[in-house]
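The block underneath contains the structure these notes are about, expressed in structure tokens.
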Number of protein chains: 2
Amino acid sequence: MRADAKKNYDQLLSVAREIVARDGAGASMRDVARQAGVGFGTMYRHFPTREALLEALLRNGFDAMTARANELEASSEPAEALLIWLRETVAAAHAYSGVTASMMAAIEDPGSALNGSCVAMQSAGARLLRHAQAAGMARSDIDGADLFALVGALAWLADQHTPAARADRLFDVIAGAILTVQTGVATVEHLATS
Amino acid sequence: MRADAKKNYDQLLSVAREIVARDGAGASMRDVARQAGVGFGTMYRHFPTREALLEALLRNGFDAMTARANELEASSEPAEALLIWLRETVAAAHAYSGVTASMMAAIEDPGSALNGSCVAMQSAGARLLRHAQAAGMARSDIDGADLFALVGALAWLADQHTPAARADRLFDVIAGAILTVQTGVATVEHLATS
DNA sequence: ACCTGAACACCGTTCAAGT
DNA sequence: ACCTGAACACCGTTCAAGT
């Protein structure tokens with residue numbers, strides 16, 4: 001990549017991060033190009049679709065949640081690890097509003113630029129779920145895709161002007177439906193009041 | 001209303017029903033006017049905002065779910081009534097995809113044309129919830145707004161290409177988190193396999 | 001190799017002009 | 001009273017022309 005191209009790429013991404021955080025996943029592409037001081041064509045060269053732009057924006061966060069799952073797997077008890085990971089993943093998905101729908105679509109579409117990061121993140125979550133299930137601490141009739149869908153639903157709820165107190169309560173309701181035991185340190189009740 | 005105006009109004013609504021069912025809540029307004037054989041201005045006269053059009057489209061369904069709640073309240077045991085109502089309301093909300101977000105927004109915005117039907121429906125659901133709670137059959141730490149949000153989340157999930165089997169399982173997970181007992185005839189497990 | 005922006009086909013919404 | 005559609009200010013996307 002030529003130096004000027006690299007500069008445009010970085011500028012585009014940095015501007016997109018601001019604009020998508022403000023306007024959500026449906027933000028104006030023209031605005032991004034304009035604010036980055038770059039022609040529309042240049043933007044389409046770097047990011048041929050809106051999804052390609054979202055992908056570049058979200059890949060880091062998704063990969064971080066994948067890594068976080070592995071970290072928690074080593075450092076915490078199964079149920080606690082799952083609970084902490086769920087909460088952090090919902091918060092991460094909520095950072096860019098409207099992005100959960102792209103996430104749900106991408107995981108079933110191998111052609112999507114987001115597919116890789118989504119699949120990796122779902123697999124990492126599924127591992128935490130299986131460990132909790134093996135320890136008898138999570139209900140055994142759900143799988144990684146169910147978990148992913150519930151994270152999506154919680155992030156969607158947080159996007160809908162849901163007050164934080166209600167969002168927290170709904171998280172507890174759903175997390176409580178996944179976990180079948182209290183874990184001592186990081187129970188649903190504990191996290192709710194901390 | 002003049003006869004020609006009434007005819008346009010009905011035609012607009014009938015066409016909108018088809019188009020919104022197909023393209024979701026973000027469907028093209030121009031398409032609706034065009035397919036109805038009516039000028040844009042005529043459409044804006046009858047429905048000044050997109051929400052006004054959605055309102056006319058959804059009011060019947062929402063009012064039906066309000067009536068259904070009252071009916072179930074009289075005919076069924078508290079937990080069973082709540083469970084049946086939840087399932088039917090999620091299905092009704094899912095009929096027009098993307099509409100759940102408008103629903104969530106409308107209930108907090110008194111200026112919205114959808115506000116009335118939404119509030120009435122939420123109140124009816126809240127009554128069913130309170131009865132189940134009074135009978136010790138539903139968890140007591142949630143309210144009508146929580147219930148409404150969970151219905152929205154389930155309808156949203158159904159909108160995201162979620163396979164029916166997964167959508168049913170997720171309904172059971174969440175319904176099971178609301179209800180604290182099995183009701184005999186219409187348990188979560190029964191409805192899941194019926 | 002890369003960048004640019006006019007051009008195209010759309011969109012929501014308004015409002016002067018018509019019957 | 002009611003209807004119409006040109007007009008305005010947008011949008012996503014492409015592609016010939018430039019450096």
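Below, read A as the first sequence line, B as the second, and so on, with proteins coming before strands; counting in each chain starts at 1. If you're wondering where the values come from, they're calculated on a predicted model, not measured in any experiment.
Listed by chain and residue number, A:Asp159 satisfy the side chain to side chain donor-acceptor pair (under 3.5 Å) test with A:His94 (two or more places apart in sequence, or in another chain). By the side chain to side chain contact (heavy atoms under 4.5 Å, CB included) test, B:Asp10 pairs with B:Lys6, sequence neighbours left out. For B:Glu71, the side chain to side chain contact (heavy atoms under 4.5 Å, CB included) test picks out B:Arg68, with sequence neighbours left out. With sequence neighbours excluded, the residues that form a side chain to side chain contact (heavy atoms under 4.5 Å, CB included) with A:Leu129 are A:Leu82, A:Gln133, A:Ala138, A:Ile142, A:Leu147, A:Ile178. Residues passing the side chain to side chain donor-acceptor pair (under 3.5 Å) test with A:Asp23, sequence neighbours excluded: none. For B:Arg166, the salt bridge (Lys or Arg N to Asp or Glu O under 4.0 Å) criterion is met by A:Asp143, A:Asp146, not counting sequence neighbours. A search for salt bridge (Lys or Arg N to Asp or Glu O under 4.0 Å) contacts involving A:Glu55 returns A:Arg59, not counting sequence neighbours. Residues meeting the side chain to side chain contact (heavy atoms under 4.5 Å, CB included) test with B:His46, sequence neighbours left out: B:Met1, B:Ala5, B:Asn8, B:Tyr9, B:Leu12, B:Thr42. Remark: A:Arg30 pairs with no residue by the salt bridge (Lys or Arg N to Asp or Glu O under 4.0 Å) rule, at least two apart or across chains.
Contacts between residues 4-15 of chain A and DNA chain C, defined by a heavy-atom separation below 4.0 Å, involve A:Asp4, A:Ala5, A:Asn8, listed by number.
Contact annotation: B:His46 side-chain N/O to D:dC2 OP1/OP2 distance is not under 4.0 Å.
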Query raised in the report: How does protein contact run along nucleotides 7-19 of chain C, one letter per nucleotide 5' to 3', with B for base contact, S for sugar-phosphate only, - for none, heavy atoms under 4.0 Å?
Result: B---BBBBB----
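There is no side-chain donor-acceptor pair under 3.5 Å between B:Glu51 and B:Ser102.
Stem analysis of DNA chain D (at least three stacked-register Watson-Crick or G-U pairs, each with both distances under 3.5 Å) gives C:4-8 with D:12-16, C:12-16 with D:4-8.
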